[in-house]
Q: 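Sharing a structure below in structure tokens format, with a few things to ask.
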Amino acid sequence: MHLDHDHTHHGAVSADAHRPDGTRRALRVGLGGPVGSGKTATVAALCRDLRDTLSLAVVTNDIYTREDAEFLLREAVLPPERIQAVETGACPHTAIRDDISANLEAVEELEDTVGPLDLILVESGGDNLTATFSKGLVDAQIFVIDVAGGDDIPRKGGPGVTTADLLVVNKTDLAPYVGSDLGRMARDAAEQRGDLPVVFTSLRSAEGVGPVADWVRERLAAWTTVQVPTG
Ligand SMILES: Nc1nc2c(ncn2[C@@H]2O[C@H](COP(=O)(O)OP(=O)(O)OP(=O)(O)O)[C@@H](O)[C@H]2O)c(=O)[nH]1
Ligand SMILES: [Mg+2]
């Protein structure tokens, strides 16, 4: 299988940590996962948690609508000019992996119009367990599943669960109602993922998105120390 090792055909900007003027570009983090697992809710909570200390923006990929972007606008998680919707048509998966041009254009436009940015969150339209982002589009990816989707999802694996840089198991508040065994989900995830991190969240609880926000801050710290600006 071709795993996008060569990104030169996407142009220099995405493969390189710098913009044409030599300033460091934003860290791009993708969020994928099944329909309704809590991707938009996670993006909204991350914006609220990070917006006072970081300059950030969001790109959403909806199938036929702008629902995710409209939710984020309505909730006013960021100023409107920092939220961009890409309408992906029938296959959101394609737009984040195979034909990333519309998404690349959106992230680059955000950096041009509201930049400089520290962080851009890219939400994929809800898809199945195989939805992963091209490395030409994002620098790191988060895969969001939820306990109501079945506690056998980590055991079954799939590229999202197995390879994402962070696996989020959301809606832990619902575990008692749907009979999901969180301990088993944690063990199965660890077996599939080795050392890759897994966090459990409930956006209905006080701790909320905290573990995901901590992970993003760590990634950003690594990004800003390693990638020294040349300009
Ligand atoms: N109980 C509970 N509900 C949650 C949690 N997180 C999100 N939800 C709810 O789950 C529903 C779906 O959340 P979204 O954030 O829209 O999910 P999504 O993954 O963005 O969905 P699509 O973009 O349509 O694939 C919404 O009604 C949320 O309020 C949680 O931690 N606990
Ligand atoms: Mg969504």
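Keep in mind that what you see is a predicted model, and the values were worked out from it rather than measured. Ligands are counted one by one from 1 in listed order, and the atoms in each one are counted from 1 as well.
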Q: Judging by distance only, is a nitrogen or oxygen of Thr201 under 3.5 angstrom from one on ligand 1?
A: no
Q: Taking distance alone, with N or O pairs closer than 3.5 Å, would you say Thr42 contacts ligand 1?
A: no
Q: So which of Gly36, Ala44, Ser202 gets nearest to atom 21 (O) of ligand 1, if we judge by its closest heavy atom?
A: Gly36
Q: If we only count N/O pairs under 3.5 Å, is Val35 in contact with ligand 1?
A: no
Q: Could you find the nearest protein heavy atom to atom 25 (O) of ligand 1 and give me its residue, atom name and distance?
A: Lys39 NZ, 2.9 Å
Q: Applying a 4.0 Å heavy-atom criterion (strictly less than), which segment of Leu203 is in contact with ligand 1: side chain, backbone, both, or neither?
A: both
Q: If a pair satisfies side-chain hydrogen bond (donor to acceptor under 3.5 Å, both in side chains) and one of its residues is in residues 154-164, list it, with sequence neighbours excluded.
A: Asp152-Lys156
Q: Would Ala41 count as being in polar contact with ligand 1, using the rule that some N or O on each side must be under 3.5 angstrom apart?
A: yes
Q: What protein N/O/S atoms sit under 2.8 Å from the Mg ion (ligand 2), by chain and number?
A: Thr40 OG1, Asp68 OD1, Asp68 OD2, Glu123 OE2
Q: Under 4.5 Å between any side-chain heavy atoms of Arg48 and Val209, yes or no?
A: no
Q: Identify, by atom number and element, the atoms of ligand 1 in contact range of Glu123, meaning under 4.0 Å from any of its heavy atoms.
A: 20 (O), 23 (O)
Q: Test of understanding: with salt bridge (charged side-chain N to carboxylate O under 4.0 Å, His left out), list the residues that count as partners of Asp181, not counting sequence neighbours.
A: none
Q: Going by the order shown, which atoms of ligand 1 are within less than 4.0 Å of some heavy atom of Leu174?
A: 1 (N)
Q: Where is the nearest protein heavy atom to atom 30 (C) of ligand 1: which residue, which atom, and how far?
A: Lys171 CG, 3.4 Å
Q: Among all the protein's non-hydrogen atoms, which is closest to atom 6 (N) of ligand 1, and how far away is it?
A: Asn170 ND2, 3.0 Å
Q: Which is it for Glu67 and ligand 1 at heavy atoms under 4.0 Å: side chain, backbone, both or neither?
A: neither
Q: Indicate yes or no: does an N/O atom of Thr172 lie under 3.5 Å from an N/O atom of ligand 1?
A: no
Q: Going by salt bridge (charged side-chain N to carboxylate O under 4.0 Å, His left out), name the residues that satisfy it together with Asp49, two or more places apart in sequence or in a different chain.
A: Arg217
Q: Decide yes or no for Ser180 and Arg184: does some side-chain heavy atom of the first lie under 4.5 Å from some side-chain heavy atom of the second?
A: no
Q: Any side-chain heavy atom of Thr60 sitting closer than 4.5 Å to one from Thr40?
A: no
Q: Hey, are the side chains of Arg219 and Asp165 touching, using non-hydrogen atoms and a 4.5 Å cut-off?
A: yes
Q: Short check: is a protein heavy atom less than 4.0 Å from atom 12 (C) of ligand 1?
A: yes
Q: Of the protein's non-hydrogen atoms, which lies at the shortest distance from atom 16 (O) of ligand 1, and what is that distance?
A: Thr40 CB, 4.1 Å
Q: Do me a favour and list the nearest non-hydrogen protein atom to atom 14 (P) of ligand 1 with residue, atom name and distance?
A: Gly38 CA, 3.8 Å
Q: Report the part of Val144 in contact with ligand 1, treating N, CA, C, O as backbone and CB onward as side chain, heavy atoms under 4.0 Å; options are side chain, backbone, both, neither.
A: neither
Q: Could you tell me the residue and atom name of the protein heavy atom closest to atom 2 (C) of ligand 1, and the distance to it rounded to 0.1 Å?
A: Asp173 OD2, 3.5 Å
Q: Is there any N or O on Ser124 that sits under 3.5 Å from an N or O of ligand 1?
A: no
Q: Taking C-beta and beyond as the side chain, do Gln84 and Glu105 meet within less than 4.5 Å on heavy atoms?
A: no
Q: Quick one: which ligand 1 atoms are inside 4.0 Å of a heavy atom on Asp68?
A: 23 (O)
Q: How close does the nearest protein non-hydrogen atom get to atom 28 (C) of ligand 1, and which residue and atom is it?
A: Arg204 NH2, 4.3 Å
Q: Determine whether Pro154 and Ile145 make a side-chain contact, defined as any pair of heavy atoms from C-beta on separated by less than 4.5 Å.
A: yes
Q: Atom CG in Leu121, atom CG in Leu72: separation rounded to 0.5 Å?
A: 9.5 Å
